[in-house]
Amino acid sequence: MSNSTKAVSKRRFNKSEEHMRKVHVYKDTALNAMQDASKFDTTIVESNDGYMEKLREADSTEYEILKMNMEKAETAEEREAIRKRMAEMDKERYAKDTENKTFYEKQQEAHRNHNLKILGSVAIVSGLVYKYRKPLMDMGRKLITKA
């Protein structure tokens with residue numbers, strides 16, 4: 001029995017295969033960025049909903065007191081003052097909701113810009129690695145042979 005060893009030839013990728021490999025890197029990065037953005041947006045919406053629910057719970061006690069006072073009110077002025085306070089509470093809640101949405105919108109914009117920077121960096125680095133792959137491989141071979 002002879003123990004023969006065959007030389008393993010290096011597989012060369014043609015241009016279309018090489019292009020597809022590059023596209024997969026971009027595609028995976030873009031998909032991850034989109035999933036991350038979706039999770040971020042979902043978290044923001046849930047956070048705002050939770051906050052608004054807490055505001056409603058906090059206001060519910062005061063609403064109950066105002067309703068009881070409305071039943072006990074003897075004059076039209078007292079009832080009008082109670083209605084004004086209820087309307088004021090609604091305006092305050094609406095203003096807080098608007099403030100939260102503005103804050104969350106800024107957070108989303110910052111997050112989107114961050115994702116775009118990451119995608120741009122991946123595209124640039126991948127492009128440079130692809131363009132300078134031969135010198136990088138040669139440098140790697142030199143490092144391996146020296147060790």
Side chains of residues 53-61: which donor-acceptor partners sit under 3.5 Å, not counting sequence neighbours?
| residue | atom | partner | partner atom | Å |
| --- | --- | --- | --- | --- |
| D59 | OD2 | R93 | NH2 | 3.2 |
| S60 | OG | E57 | O | 2.7 |

- Note on the structure: Value for CE (M70) from CD1 (I82), rounded to nearest 0.5 Å, stands at 5.0 Å
- In short, N48 meets N100 closest at the heavy-atom pair OD1-CB, 3.3 Å
Counterpart residues, side chain to side chain donor-acceptor pair (under 3.5 Å), relative to [X] (two or more places apart):
{"X": "E74", "value": "none"}
{"X": "Y63", "value": "D90"}
{"X": "E78", "value": "none"}
{"X": "K67", "value": "none"}

- Query: Can you pull the salt bridge (charged side-chain N to carboxylate O under 4.0 Å, His left out) pairs that have at least one residue in residues 107-121, sequence neighbours excluded?
  - Reply: E109-R112
- Query: If you link I, L, V, M, F, W and Y whenever their side-chain heavy atoms are under 4.5 Å apart, who else ends up in the same group as I65?
  - Reply: none
- Query: Got a sec, which residues hit ring-ring contact (aromatic ring centres under 6.0 Å, His included) with Y104, two or more places apart in sequence or on another chain?
  - Reply: none
- Applying side chain to side chain contact (heavy atoms under 4.5 Å, CB included) to E88 and not counting sequence neighbours gives R85, E92
- Message: Going by side chain to side chain donor-acceptor pair (under 3.5 Å), name the pairs with one or both residues in residues 32-41, residues two or more places apart or in two chains.
- Response: D36-H111, D41-Q108
- Only counting residues at least two apart or in another chain, list the ones meeting salt bridge (charged side-chain N to carboxylate O under 4.0 Å, His left out) with E80. R83
- Are I118 and F40 connected in the hydrophobic side-chain network, where two residues link if heavy atoms are under 4.5 Å apart? no
